[in-house]
Visitor: 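Got a structure here, written out as structure tokens. Questions coming.
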Amino acid sequence: MIELKGISKRFGDVVALENVDLHVAKGEVVVLIGPSGSGKSTLLRCVNALEVPDAGTVHLDGEPIVGGAPDIDRHRAEVGMVFQHFNLFPHKTALENVTLAPTLVRGADAAAARGKAMELLARVGVADKRDVYPDMLSGGQKPRVAIARALAMGPKAMLFDEPTSALDPEMVGEVLEVMAQLAGEGMTMLVASHEMGFAREAAHRVAFMDAGRIVEAGPPDSIFDRPAGNRLKAFLSRVDARR
Amino acid sequence: MSRGREVLVRAVLTVAVVGAFVAALLASGYQWDFRPIWKYRGLYVEGLWKTLAATGVGYATGLVAGVFVALARLSRTLPVRHLGDLYVEIIRGTPFLVQLLVAYFCIAPLLGLESKFWIGSIALGVFAGAYIGEVFRAGIESVDRGQFEAARSLGLSRRRTMRHVVFPQAFKRMIPPLTGELIALTKESSLLYVIAFTELSFAAKQVSSRTIKSFEAYLVVAVLYLTVTIPLSMLARRLERRLGQSARSGVEL
């Protein structure tokens with residue numbers, strides 16, 4: 001579904017990604033773990049061309065993602081993204097946040113878009129907040145609306161860029177629950193996360209990134225219980241020490 | 001402090017300050033006589049009307065110019081961006097008086113333009129365009145980049161992202177400074193008197209020389225300017241409050 005090959009990206013002198021290969025199969029959930037600045041976000045952002053890699057190719061469902069405007073918009077519409085700070089549109093209600101793209105991009109009829117949006121808001125448990133503006137949503141409600149907004153386009157895959165790292169600890173669980181539910185329904189997901197518990201339970205595969213490379217990848221139990229390299233071991237012990 | 005109390009304190013202070021000013025004027029020994037002024041009320045009315053008209057046309061021109069200035073300065077093309085920068089630097093780096101004189105004595109004759117109203121109004125518009133353009137640009141740049149990315153990630157084109165996500169948010173923040181620019185322009189239009197455009201301050205000068213009552217003539221014109229600018233600044237404050245950016249939410253000294 002998502003095929004990244006030989007991706008490199010630098011910002012000035014800083015190497016963000018160095019020759020990264022990653023394949024996410026249809027229905028697969030891959031969680032990227034690793035220290036801050038290891039390139040997890042940049043890798044995610046390459047998938048929907050928010051960053052353009054200096055080298056390498058990105059394929060989505062067999063089709064290459066390349067420069068041109070109409071193509072890139074079409075590709076982006078097929079990949080949902082949930083941002084670290086959710087980036088909800090503050091001038092629109094929860095419902096309008098969800099219906100905006102389907103009506104504009106897909107030309108959906110307003111009533112149909114609202115119906116679908118209500119269904120999605122109900123699915124993530126915030127149907128009663130339909131007419132509320134993002135400022136008035138609680139920390140745990142924002143990511144849910146952001147997830148509903150992304151799902152409204154009927155994406156083939158979802159990207160999550162550390163969706164719980166800006167949340168109060170007590171909100172984290174309920175958001176991860178929504179994500180786990182989505183994973184259970186067979187959504188293809190690529191998730192950057194610091195939540196090792198989530199990675200262990202919901203991921204089919206975990207990829208450990210450090211200094212712009214994928215250092216180790218594999219099923220969660222082998223990554224967490226039988227880490228091979230020293231860098232992964234050191235990272236896991238630091239993460240464990242924090243809990 | 002409660003809102004009602006604040007209004008009361010402000011009202012009392014205003015009356016006290018204005019009262020003291022009037023008392024000082026009366027006590028100065030000067031023989032106040034507004035009757036000759038009243039005779040020339042027609043000039044003031046004409047002047048006020050022309051001030052409003054020139055400011056209105058100038059502001060409208062400035063809004064249009066400002067859109068282009070902002071678009072130019074935010075452009076991804078360097079030459080376009082540079083032209084925008086140049087315009088703003090030149091206009092903001094020279095006094096409006098000089099711009100007006102250049103427009104009147106150099107540019108207008110070349111274009112065969114004779115109407116003082118149009119020369120003055122367009123000069124005001126060109127002047128305001130630089131400042132208004134900066135308000136637009138700052139407003140657009142104040143919208144978080146994440147908003148742009150969120151909209152693009154949903155498949156919205158650049159144009160739709162601007163129209164449906166960035167502009168509506170930017171516009172709200174622009175309203176108070178745009179009102180400020182209108183007030184500033186109203187006052188700036190008084191300089192049109194140097195090209196003998198019969199706006200409000202020109203009227204005051206005429207009344208003053210005909211009646212030899214300078215105090216009265218200029219006092220009246222000051223009050224007339226205030227009757228235009230005070231309601232505007234009250235409107236600006238109301239809009240600001242309604243947009244939830246109350247001045248009181250900031251730091252108090």
Side-chain angles (χ1 to χ4, degrees), chain A residues 41 44-52 68-92 96-108 133-136 142 145-146 148-161 166, chain B residues 67 70-72 74-78 80-81 135-179 236 238-250:
Chain A
S41 281
L44 278 182
R45 291 162 61 87
C46 284
V47 175
N48 64 355
L50 285 179
E51 303 292 351
V52 179
D71 277 346
I72 222 109
D73 292 343
R74 195 163 44 78
H75 274 297
R76 281 175 174 152
E78 290 177 347
V79 185
M81 179 150 183
V82 177
F83 294 84
Q84 185 176 7
H85 298 286
F86 321 122
N87 304 355
L88 294 174
F89 306 132
H91 60 304
K92 303 214 172 272
E96 289 165 349
N97 262 277
V98 180
T99 56
L100 181 75
T103 37
L104 283 179
V105 179
R106 299 253 192 263
Y133 286 90
D135 281 353
M136 302 303 286
K142 285 179 193 176
V145 174
R149 177 174 73 176
L151 289 176
M153 292 299 282
K156 292 177 177 168
M158 288 280 284
L159 307 171
F160 291 84
D161 188 3
Chain B
V67 169
L71 289 178
L74 293 169
S75 166
R76 280 170 297 176
T77 321
L78 178 65
V80 175
R81 205 158 63 227
V135 171
F136 286 160
R137 184 181 66 91
I140 290 167
E141 284 186 341
S142 76
V143 177
D144 180 46
R145 182 153 183 86
Q147 290 290 310
F148 183 84
E149 290 186 347
R152 295 309 301 273
S153 80
L154 288 164
L156 268 69
S157 64
R158 207 182 160 77
R159 181 182 290 260
R160 279 178 167 156
T161 297
M162 282 298 175
R163 166 144 178 240
H164 294 277
V165 175
V166 177
F167 288 156
Q169 294 182 55
F171 186 66
K172 262 171 99 170
R173 293 172 208 183
M174 290 172 193
I175 293 173
L178 283 179
T179 319
R238 256 181 77 154
L239 288 170
E240 212 168 321
R241 205 174 306 131
R242 188 172 323 159
L243 298 176
Q245 297 166 330
S246 161
R248 288 285 100 188
S249 67

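A note on names: the letters A, B, ... follow the listed sequences, proteins ahead of strands, and every chain is numbered from 1.
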Visitor: Can you confirm whether Gln147(B) sits close enough to Pro90(A) that some side-chain heavy atom of one is under 4.5 Å from a side-chain heavy atom of the other?
Guide: yes
Visitor: In terms of heavy-atom proximity below 4.5 Å to chain B, should Phe89(A) be classed as side chain, backbone, both, or neither?
Guide: both
Visitor: Sort Val79(A) into side chain, backbone, both or neither according to what part of it lies under 4.5 angstrom from a heavy atom of chain B.
Guide: backbone
Visitor: My understanding is that only residues two or more places apart in sequence, or in another chain, count here; which of them pass side chain to side chain donor-acceptor pair (under 3.5 Å) with Asp161(A)?
Guide: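 Applying side chain to side chain donor-acceptor pair (under 3.5 Å) to Asp161(A) gives Ser41(A).
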Visitor: Against chain B, label Arg149(A) side chain, backbone, both or neither, depending on which of its atoms sit under 4.5 Å from a heavy atom there.
Guide: both
Visitor: Do Leu104(A) and Leu154(B) make a side-chain contact, defined as non-hydrogen atoms from C-beta onward lying under 4.5 Å apart?
Guide: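 No, every pair of side-chain atoms sits at 4.5 Å or beyond.
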Visitor: Keeping to residues at least two apart or across chains, list the side-chain hydrogen bond (donor to acceptor under 3.5 Å, both in side chains) pairs with something in residues 153-166 of chain B.
Guide: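 Applying side-chain hydrogen bond (donor to acceptor under 3.5 Å, both in side chains) to every pair that reaches into residues 153-166 of chain B, excluding sequence neighbours, yields nothing.
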Visitor: Among Leu88(A), Asn48(A), Leu159(A), which has the most heavy-atom pairs under 4.5 Å with chain B?
Guide: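 Ranked by contacts with chain B, first place is Leu88(A).
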